[in-house]
Amino acid sequence: MNKAFLGICSIAAVASVLSTSCSPDAGKADTIFINGNIYTVDRNFSKASVLAVQKDKILYVGTDAEAVQKLKSAQTRVIDLKGKTVVPGLVESHLHYMDLGESLLAIDIYEKQKADILEAVAKEAKRLPPGEWIVGSGWSHEVWDVAQWPSREDLDAVAPDHPVCLFRKDGHSVWVNSQALAIAGITASTPDPQGGEIIRNQAGEPSGILTDTAMDGVSEKLSAPSDEKKLSFYQRADREALSFGITSLMDAGTSYENIKLLKDAYSKGLLQVRAYELLSIGEDIAYLADGNQPTLDLYDGKLAVNAVKLYTDGSLGSRSAWFLEEYADRKGHSGNPRYTDEEFYALVKRVREEGFQIATHAIGDAAVKQTIDIYERVLKENPPADHRYRIEHFQHVHPADFDRLVQDGILASMQTVHATSDMVFAEARVGAVRVLNAYAWREVLDRGGIIPNGSDAPVEYVNPWHGFYAAVTRRNLQGEPAGGWYPHLCMTREEALKSFTIWGAYAMFGEKVKGSIEVGKYADFVALDRDIMTCDTEDLKDTKALMTVLGGKIVAGGVE
């Protein structure tokens, strides 16, 4: 078992074990919560019934109702949980913070049928003046009645006077019309860029689908939202996360400019959820060049800028994930690598020298292999005491690389809900043999690894209970397939809860202050409408957060 993963247990044991008393100088509680069914997710997965909060920290957690009375003062507020289940504030380990908010305010095309999407675009074209961009995200041709790429002509017919740019739900391809292609200067003679592809029709003309780096020509022409608009996106996402019981999130890639905006917003108390930011620098190293250092604890633990996001490939849905062998459903094509080994090595080495954690998007087995190869090379040259390097998604893996992942202390940041979304096309993409090593959570867990879980929102819906249900059942929200998709790879409920709490906290260097309900940690927790450890399996996906507490304050809902 990896030493880094063992450390999470020893740290938790030393830092804060489930307490049945409090220190004599702890003072009085601001709030006491009683009569709860509390899963602490501490080292022993202990249960409690009462907890006390002082300022933004947990003062007491245990089962001794008499002991907690000693913490009361005339000003102490007592809240009766009425037997409701309480778990630590959820840690969403991979989403796109601003994009989530923007998607909630944009035209609704998420997993809609093609005809419905075209109708929505036509409606938007009537609303907007000619020449203004129509932008949306969330479509997937895999859920259409005819699962094939759409064309620019489809959009031309409903929006002839507007450039249209619709991002596929995975964010790795766009569907555009002829006007958008013309603005971007993309023609039949435009070559495919490294790491992307211009999908072409039988005549060799751009079809209207661009993948990964080929999207840049269009996305660069979109009008950048104002800071005021961006803040509205962040605030919408903040409210959405808290409504589900998410108190911490990992923002999977943002810009230097957005970091400045976030620092200003958090300093003014305009955002609440704890955000762990990953810088999407690629070759742009302005943030590093300006001498910015990794930071973990800004604005009372609300903001961290401690990691850099890199990419080695695209997505399975867009056939741009990079594989060691060709796609089963597209002969001669094995995906789109972003970098050569030496290019990727130079990036990883630079970020390592600056002391930042690294999180690399890698979906295909070739991308995963390249990521591990280069991580190993850089860490051997410059070994840190505690790197916690991450691979985001880690979906399709050569069997030999599961062992290397855990032995090297690399974290597999996976999104369990991706398995149940992708299962409709995954086997067609990679074949019946390779799919056995896809979304293979047990291959990581049984080797002693951990899995920080998330939604990749807005790629998937941000609701963490959909991911919890997927982790435990490997079934979609319709309960299909009945026995689960390769059910031998399921997580237990305890593992699923850890994946959304303490494991996520560990992956962002936060296990000493959050991820479990223990004395001295932030008072981040959520009361639920059902006991997720004992309820009927099919009820898991419908779990609702009744009350979200962040830093001792109720920030969403309340116990009825």
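These numbers come from a predicted model, not from an experiment.
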So, the side chain of [X] versus the backbone of [Y]: is there a donor-acceptor pair under 3.5 Å, distance only?
X	Y	value
Asn437	Pro399	no
Arg530	Asp542	yes
Tyr110	Val459	yes

If you measure from the Lys or Arg side-chain nitrogens to the Asp or Glu carboxylate oxygens, is any gap between [X] and [Y] under 4.0 Å?
X	Y	result
Asp539	Lys541	no
Asp446	Arg442	yes
Asp145	Lys114	no

message: According to side chain to side chain contact (heavy atoms under 4.5 Å, CB included), who are the partners of Ala527, at least two apart in sequence or on a separate chain?
response: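 Expected list: Val86, Met547, Val559.
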Residue list, side chain to side chain contact (heavy atoms under 4.5 Å, CB included) with Thr473, at least two apart or on another chain: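 With sequence neighbours excluded, Thr473 shows a side chain to side chain contact (heavy atoms under 4.5 Å, CB included) to Tyr469, Arg475, Thr537, given in chain and number order.
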Could you check whether any side-chain heavy atom of [X] comes within less than 4.5 Å of a side-chain heavy atom of [Y], counting everything from C-beta outward?
X	Y	result
Met491	Leu445	yes
Met250	Ser248	no
Phe45	Met533	yes
Ile517	Ile38	yes
Leu51	Leu59	no
Ile109	Leu166	yes
Ile450	Lys498	no
Leu316	Phe425	yes

Do you see a donor-acceptor pair shorter than 3.5 Å between the side chains of [X] and [Y]?
X	Y	result
Asn35	Lys82	no
Thr85	Asn37	yes
Asn476	Thr420	no
Asp42	Ser516	no
Thr247	Lys514	no
Tyr276	Asp251	no
Glu392	Ser413	yes

- request: Kindly check if the number of other-residue, nucleotide or ligand heavy atoms within 6.0 Å of CD (Gln113) is above 12?
  value: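 Enclosed: over 12 neighbouring heavy atoms sit under 6.0 Å from CD of Gln113.
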Option from Asp329, Asp313, Asp170 for which salt bridge (Lys or Arg N to Asp or Glu O under 4.0 Å) with Arg319 holds: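 Going through the options one by one, the only one that passes is Asp329.
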If the plane angle is over 60° it's perpendicular, under 30° parallel, otherwise tilted; pick one for [X] and [Y].
X	Y	value
Phe468	Trp465	tilted
His387	Tyr389	perpendicular
His466	Tyr461	tilted
His172	Tyr311	perpendicular
His361	His393	perpendicular

message: Please identify which of these residues, Val91, Asn306, Leu296, meets the side-chain contact (heavy atoms from CB on, under 4.5 Å) condition with Met508.
response: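 Result for side-chain contact (heavy atoms from CB on, under 4.5 Å) with Met508: Val91.
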- request: Please say which of Leu310, Thr360, Leu405, Ile410 ends up in a side-chain contact (heavy atoms from CB on, under 4.5 Å) with Thr371.
  value: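 Output: one option passes, namely Thr360.
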query: Where do His96 and His94 land on the ring pair (Phe, Tyr, Trp, His ring centres under 6.0 Å) test, with the steps shown first?
result: CA-CA 7 Å; His96 302 273; His94 186 115; 5.4 Å; yes
query: Can you list the steps and then say if Trp485 with Tyr439 is a ring pair (Phe, Tyr, Trp, His ring centres under 6.0 Å)?
result: CA-CA 10 Å; Trp485 188 59; Tyr439 318 90; 5.7 Å; yes
query: Which pairs pass salt bridge (charged side-chain N to carboxylate O under 4.0 Å, His left out) with one or both residues in residues 455-472, sequence neighbours excluded?
result: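 Qualifying pairs: Lys169-Glu460.
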- prompt: Under 6.0 Å from the six-membered ring centre of Tyr486 and within 45° of its axis: does the NZ or CZ of Arg474 meet both?
  reply: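 No - Arg474 does not lie over the ring of Tyr486 by the 6.0 Å and 45° rule.
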message: Can you confirm if the aromatic rings of Tyr97 and Phe233 lie within a centre distance of less than 6.0 Å?
response: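 Between Phe233 and Tyr97, the centre distance exceeds or equals 6.0 Å.
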- prompt: If you round to the nearest 0.5 Å, how far is CG of Asp365 from CZ of Phe394?
  reply: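 With rounding to 0.5 Å, CZ (Phe394) is 10.5 Å from CG (Asp365).
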